[in-house]
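For reference, the structure discussed in these notes is given below.
Small disclaimer: the values here were computed from a predicted structure and weren't measured. Labels below follow one simple rule: chain letters A, B, ... track the order of the sequence lines, proteins then strands, and each chain is numbered from 1.
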Number of protein chains: 2
Amino acid sequence: MEKLQEERIRTRNIRRILDAATEVFARKGFDGTRITEIAEASGLPKANVYYYFGSKDDIYRAAIARLIQGWDEALEEIALEKDPAEAFTRYVTAKLRFSHQHPTESRLFANEILRGAEFLTEQERKHIRDVTNYRVAVIEAWIAAGKIVRVDARHLLIMLWAATQFYADFQPVVRDALGNRNLESADFDAAARCIADTILAGLIPRDPEPI
Amino acid sequence: MEKLQEERIRTRNIRRILDAATEVFARKGFDGTRITEIAEASGLPKANVYYYFGSKDDIYRAAIARLIQGWDEALEEIALEKDPAEAFTRYVTAKLRFSHQHPTESRLFANEILRGAEFLTEQERKHIRDVTNYRVAVIEAWIAAGKIVRVDARHLLIMLWAATQFYADFQPVVRDALGNRNLESADFDAAARCIADTILAGLIPRDPEPI
DNA sequence: GAATAAGTTGACGAAAAGTTCAATTTCTGA
DNA sequence: TCAGAAATTGAACTTTTCGTCAACTTATTC
């Protein structure tokens with residue numbers, strides 16, 4: 001075969017395996033995942049999974065790498081720039097929409113963190129730090145310009161991250177709390193409005209003089 | 001032995017096993033946890049663990065039940081009553097302090113939710129719903145009384161829960177985001193202040209007239 | 001349409017995990 | 001002190017899982 005035109009078969013099978021692996025890893029964690037389960041979920045025999053990946057480690061690492069890459073592509077455009085009100089609203093809305101559409105990836109990440117983030121590469125962690133630092137700078141510039149009230153930028157970002165991630169990772173709890181059967185787009189919209197409105201109301205300076 | 005005065009040995013060993021199990025389950029999840037690892041962590045031989053618990057399921061269920069009971073006892077006094085400002089501040093502070101002191105329990109709960117909350121009993125889930133409903137009623141009463149602005153009470157509670165839980169469950173990420181080596185009490189205090197202040201500022205009505 | 005590379009897969013062996021058991025020791029109350 | 005209950009534990013048993021392999025089929029190139 002040698003470099004066949006697009007490596008169609010290989011590409012497709014690797015995607016199938018990683019899709020299945022992401023789902024199982026997200027639910028059961030690294031140690032709890034059985035290769036057999038990944039194989040069944042992907043519709044391939046176990047030996048075929050081993051044809052593409054040398055070990056469970058390899059599959060896990062590949063799934064994590066793909067997840068981070070996907071997050072980046074989806075969220076990199078959402079810069080915390082421009083007008084703070086619009087920026088926060090767009091950011092929260094986009095993150096919640098992503099949580100709604102890709103809850104599995106989000107849970108995989110959560111599981112990896114619960115494990116102690118041992119498999120996150122230094123490069124990946126540095127990337128998280130860089131993104132955070134950039135946004136901290138933006139927020140502190142807003143504060144300096146008087147566009148928002150004085151606030152700890154890092155904890156504010158964590159609060160935003162936490163609030164949006166929760167809807168993907170803790171769906172059973174969110175369902176119980178909302179009294180819903182299943183989470184729908186409307187729920188994510190309501191969440192985005194509540195988070196953005198409440199936090200913004202607390203951030204935008206009160207025009208004449210504070211209480 | 002028969003009812004020995006306090007069942008000292010049994011009580012102590014069960015506690016040891018559940019302590020060890022909570023830690024391992026929190027890190028590796030149910031399927032990823034090996035009885036051998038619980039045994040080693042508790043300092044007891046594996047067969048002794050089976051003397052007290054019939055199966056891995058039993059240990060897991062007992063750990064979850066103990067966790068929920070502990071949460072309840074620790075947090076039940078923190079009612080969302082009185083003055084909203086004081087109530088929210090005390091609630092956030094108490095939850096963060098608890099997250100700081102008992103991160104392992106929090107992670108075990110997170111892991112169980114990621115699994116799909118299959119082991120949470122209907123009673124436990126009902127308890128969560130009841131607690132939520134009670135607090136929703138309190139918040140809506142505040143809204144009706146004009147003490148806080150109109151807001152979706154359920155999403156507000158989720159936001160509080162998310163923000164506080166994040167510090168326990170996602171410590172590696174929080175560390176990276178804060179640029180810290182290890183999280184200390186000061187970090188949790190700063191987080192409590194940021195969360196409570198920002199959300200409160202958005203909730204307390206602006207006296208004369210809104211912007 | 002061969003020759004060669006890529007992909008498929010059932011079956012297997014080794015290692016590890018859950019669980020049981022029987023023999024032994026320690027504890028407690030009388 | 002002594003009998004019976006509780007607790008301890010090494011070793012075995014059973015099942016599951018990882019990872020391998022060799023035989024086989026499909027795809028690609030010339």
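Phosphate proximity of D/dA6 to B/Asn13: absent, as no side-chain N or O sits under 4.0 Å from OP1 or OP2. Residue B/Arg8 places at least one side-chain N or O under 4.0 Å from the OP1 or OP2 atom of C/dT28. For B/Arg10, a side-chain nitrogen or oxygen approaches OP1 or OP2 of D/dA7 to under 4.0 Å.
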Atom pairs and distances, donor-acceptor, side-chain atoms in residues 149-158 of chain A, under 3.5 Å, two or more places apart:
unit_1   : atom_1 : unit_2   : atom_2 : d
A/Asp152 : OD1    : A/Arg154 : N      : 3.0
A/Asp152 : OD1    : A/His155 : N      : 3.2
A/Arg154 : NH1    : A/Asn133 : OD1    : 3.1
A/Arg154 : NH1    : B/Ala177 : O      : 2.6
A/Arg154 : NH2    : A/Asn133 : OD1    : 3.0
A/His155 : ND1    : B/Tyr167 : OH     : 2.7

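Here salt bridge (charged side-chain N to carboxylate O under 4.0 Å, His left out) pairs that include residues 48-58 of chain A, with residues two or more places apart or in two chains, are A/Asp57-A/Arg61. Within the structure, salt bridge (charged side-chain N to carboxylate O under 4.0 Å, His left out) contacts touching residues 112-123 of chain B (residues at least two apart or in different chains) are B/Asp31-B/Arg115, B/Arg115-B/Glu118, B/Glu122-B/Arg129. Applying the ring pair (Phe, Tyr, Trp, His ring centres under 6.0 Å) test to pairs two or more places apart or on separate chains, those with a residue in residues 10-51 of chain A are A/Phe25-A/Tyr60, A/Phe30-A/Tyr60, A/Phe30-A/Phe119.
Here B/Phe166 pairs with A/Trp161, B/Phe170 under the ring pair (Phe, Tyr, Trp, His ring centres under 6.0 Å) rule; sequence neighbours left out. For A/Lys28, the side chain to side chain donor-acceptor pair (under 3.5 Å) test picks out A/Glu37, with sequence neighbours left out. Checked against ring pair (Phe, Tyr, Trp, His ring centres under 6.0 Å), A/Tyr52 has no partners two or more places apart in sequence or in another chain. Partners of B/Phe109 under the ring pair (Phe, Tyr, Trp, His ring centres under 6.0 Å) rule, at least two apart in sequence or in another chain, are B/Trp71.
Going from atom CG of A/Asp58 over to atom P of D/dC18 covers 14 Å, rounded to whole Å. Following rounding to the nearest Å, B/Lys56 (NZ) and C/dT20 (P) show an atom-to-atom distance of 14 Å. Atom C1' of nucleotide D/dT20 and atom CZ of A/Phe53 are separated by 18 Å, given to the nearest angstrom. When rounded to the nearest whole Å, the span between OH of B/Tyr52 and P of D/dA6 equals 11 Å. At whole-Å resolution of the value, OH in B/Tyr50 and P in C/dT19 are 3 Å apart. Rounding to whole angstrom units, CD of residue A/Glu40 and C1' of D/dC18 are separated by 15 Å. Distance CZ (A/Arg12) to P (C/dA6): 16 Å, rounded to an integer number of Å. To the nearest angstrom, P of C/dG7 lies 13 Å from CZ of A/Arg16.
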What does the list of N/O pairs under 3.5 Å between the protein and nucleotides 10-12 of chain C look like, with a distance for each?
none

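Atoms CD1 and OG, on B/Ile35 and B/Ser55 in that order, are 7.5 Å from each other to the nearest 0.5 Å. From B/Ile14, atom CD1 reaches atom CD1 of B/Ile9 across 12.0 Å, with rounding to the nearest 0.5 Å.
At a threshold of 4.0 Å, the pair B/Lys126-B/Asp130 counts as salt-bridged, since one of the basic side-chain nitrogens sits closer than that to a carboxylate oxygen. Using a cutoff of 4.0 Å between basic side-chain nitrogens and carboxylate oxygens, A/Arg90 and A/Asp83 are not scored as salt-bridged.
Within residues 30-38 of chain A, the residues having any heavy atom under 4.0 Å from DNA chain D are, by residue number, A/Thr33, A/Arg34, A/Ile35, A/Thr36. Against DNA chain C, the stretch residues 20-28 of chain A makes no heavy-atom approach under 4.0 Å.
Side chain to side chain, A/Ser106 and A/Gln165 meet the donor-acceptor criterion of an N or O pair below 3.5 Å.
Overall bending of the helix from C/dG1-D/dC30 to C/dA30-D/dT1, expressed as the angle between end axes built from five pairs apiece, is 30° (10° steps).
Not one N or O on the side chain of A/Asp176 forms a donor-acceptor pair closer than 3.5 Å with the backbone of A/Val173.
Distance from the side chain of A/Tyr51 is smallest to C/dT8 among C/dG18, C/dT8, D/dG19.
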